[in-house]
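Here's the structure we're looking at; comments come further down.
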Amino acid sequence: MATINKRLFLTGASGLLGRAIYKKFVNEGWTVYGTAYSRVAAGLHKLDLTDDSEVKKAIVQFKPSFLIHCAAQRFPDKVDLDPEGAAKLNIDTTRCLAQVAGSIQVPLLYISTDYVFDGKSPPYAVDAVPSPLNLYGKTKLDGEKVTLDVGKGNLVLRVPVLYGPVEYLAESAVTVLLNSLLQTDKQCKISDCELRRPSHVDDIADICLQMAVKRLEDENICGIFHWCGKEVFTKYGMLVQMAHTFHLPYDSHVTPDSSTPSATTTPRPYDTTLDTSRLEQLGIGHHTPFSVGIKSALQSWVR
Ligand SMILES: NC(=O)c1ccc[n+]([C@@H]2O[C@H](COP(=O)([O-])OP(=O)(O)OC[C@H]3O[C@@H](n4cnc5c(N)ncnc54)[C@H](OP(=O)(O)O)[C@@H]3O)[C@@H](O)[C@H]2O)c1
């Protein structure tokens, strides 16, 4: 087997998933050029991804063998508040990255989302027809299209709701639930409606590494891939699991809410379970049990 050139250009390296990918690749001996914008931690490079010429300069100078595009506006409510800004980052930046990657003949892995589906007929195969319910899902789907239109050898990885070590609890739609659990003097309702299969960011980082290595060994490894966790929860179900993990009380102040979300909130799909068989057939996959992953992610937040 030929030795692969281990040079990764990673966007969004300061984000929830990007931090895990950065760490994983560095630990595996890759040289990683990780970009950040407002949170430029040690080792990362500040880069405004909406500035095409700066993006091109940084990539061409670094000479990567592989690109992973993690940066995005991924909060559906924020996308609704600034559709133009979100389209710029989620679509136009993706097009620019795909063009630069194509010009130096390097594959691009675009991180996408289960929100490209409407959640009405799971499980979703990689060739299922997407039908996003909200603008976030639409911009991510357009990002997928430009990734694959510009470079046929590029890859798209759709992932579910993510959790892992956070800089603030609301950084993940999973870890934010700990706030409700800890505020025992405040009555709250938590959704017991939509179904989710959360993945730990370290699982996705490992899968990205496995995909990068396979792609660099075999150019036929391209197109759309799916991964999601193997356990299914509502938000309330995740909160109950957290309560059990940390021996915290919940039933006197948290009530499950099985009603469907109101028409005034950004619509979210009901069940976006992704069919992961394409990756599994390649021998690629990683699932951390939720009880284990949530314990390690939140341990430092619970006294
Ligand atoms: N989180 C989830 O539950 C989830 C679920 C499904 C799919 N995804 C997808 O997974 C990917 C990673 O998500 P994430 O949760 O890690 O996102 P995140 O934590 O919100 O991180 C976003 C990243 O984008 C960077 N960024 C934002 N605007 C930028 C700009 N103008 N120029 C350069 N960088 C900019 C941020 O940099 P600074 O922070 O330094 O400003 C940050 O590194 C996204 O593509 C998302 O759509 C996420």
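One-based numbering along the sequence shown. Numbering of ligands and ligand atoms starts at 1, following listing order. Fair warning: this is a prediction, and the values are worked out from it, not measured in the lab.
The distance criterion of under 3.5 Å between nitrogen or oxygen atoms is not met by T50 with respect to ligand 1. When only interatomic distances are considered, the shortest N/O to N/O separation between T113 and ligand 1 does not fall below 3.5 Å. Polar contact check, T35 against ligand 1: no nitrogen or oxygen pair lies under 3.5 Å apart. Ligand 1 has no nitrogen or oxygen under 3.5 angstrom from a nitrogen or oxygen of D114.
For the residue pair N134 / T266, no side-chain donor-acceptor distance below 3.5 Å is found, with atom types taken as modelled. Residues D203 and T288 have side chains that bring a donor and an acceptor to within less than 3.5 angstrom of each other.
Under a cut-off of 6.0 angstrom, the local environment of NZ in K46 is crowded, with over 12 non-hydrogen atoms contributed by other residues, nucleotides or ligands. Heavy atoms from other residues, nucleotides or ligands lying under 6.0 Å from NZ of K6 number more than 12.
Heavy atoms of Y136 found under 4.0 angstrom from ligand 1 belong exclusively to the side chain. Contacts with ligand 1 closer than 4.0 Å are made by no heavy atom of Q73, backbone or side chain. Within the 4.0 Å heavy-atom criterion, neither part of S172 lies near ligand 1. At a heavy-atom cutoff of 4.0 Å, ligand 1 is contacted by the backbone of P160 but not by its side chain.
Salt bridge annotation for K57-E54: present, with a cationic side-chain nitrogen under 4.0 angstrom from a carboxylate oxygen. Taking 4.0 Å as the cut-off between side-chain N and carboxylate O, D114 and K140 do not count as a salt-bridged pair. Taking the charged nitrogens against the carboxylate oxygens, D206 and K24 do have a contact shorter than 4.0 Å, which makes a salt bridge.
Close contacts of ligand 1 with A36, meaning ligand atoms under 4.0 Å from a residue heavy atom, involve 40 (O). Counting the atoms of ligand 1 from 1 in the order shown, those under 4.0 Å from a heavy atom of G12 are 23 (C), 43 (O). Per-residue contacts place S112 under 4.0 angstrom from the following atoms of ligand 1 (heavy atoms of the residue considered): 7 (C). The atoms of ligand 1 that sit less than 4.0 Å from any heavy atom of V159 are 6 (C), 7 (C). Atoms of ligand 1 lying under 4.0 Å from any heavy atom of I111, numbered from 1 in the order shown and given with element: 9 (C), 10 (O), 11 (C), 45 (O). Within ligand 1, counting atoms from 1 as listed, the ones closer than 4.0 Å to a heavy atom of C70 are 11 (C), 12 (C), 44 (C), 45 (O). Annotation for ligand 1: atoms under 4.0 Å from non-hydrogen atoms of V161 are 3 (O). For ligand 1 and G15, the ligand atoms under 4.0 Å from any heavy atom of the residue are 16 (O), 19 (O), 21 (O), 42 (C), 43 (O).
The protein heavy atom nearest to atom 3 (O) of ligand 1 is L162 N, 2.9 Å.
At least one heavy atom of L89 sits closer than 4.0 Å to an atom of ligand 1.
Residue nearest to atom 33 (C) of ligand 1, selected from L47, L17, D48, L10: L47 (by heavy-atom distance). Counting heavy atoms only, R74 comes closest to atom 15 (O) of ligand 1 of the residues R196, E167, R74, K78.
In this structure, Y236 and Y250 have perpendicular ring planes: the angle between them is above 60°, well past the 30° mark. Using cut-offs of 30° and 60° on the angle between ring planes, the pair Y33 and F9 is parallel.
A 4.5 Å side-chain heavy-atom check between Q73 and D82 finds every atom pair outside the cut-off. Residues T139 and Y115 form no side-chain contact, since every pair of their non-hydrogen atoms from C-beta on lies 4.5 Å or further apart. F117 is listed as a side-chain neighbour of R158, based on a closest heavy-atom distance under 4.5 Å.
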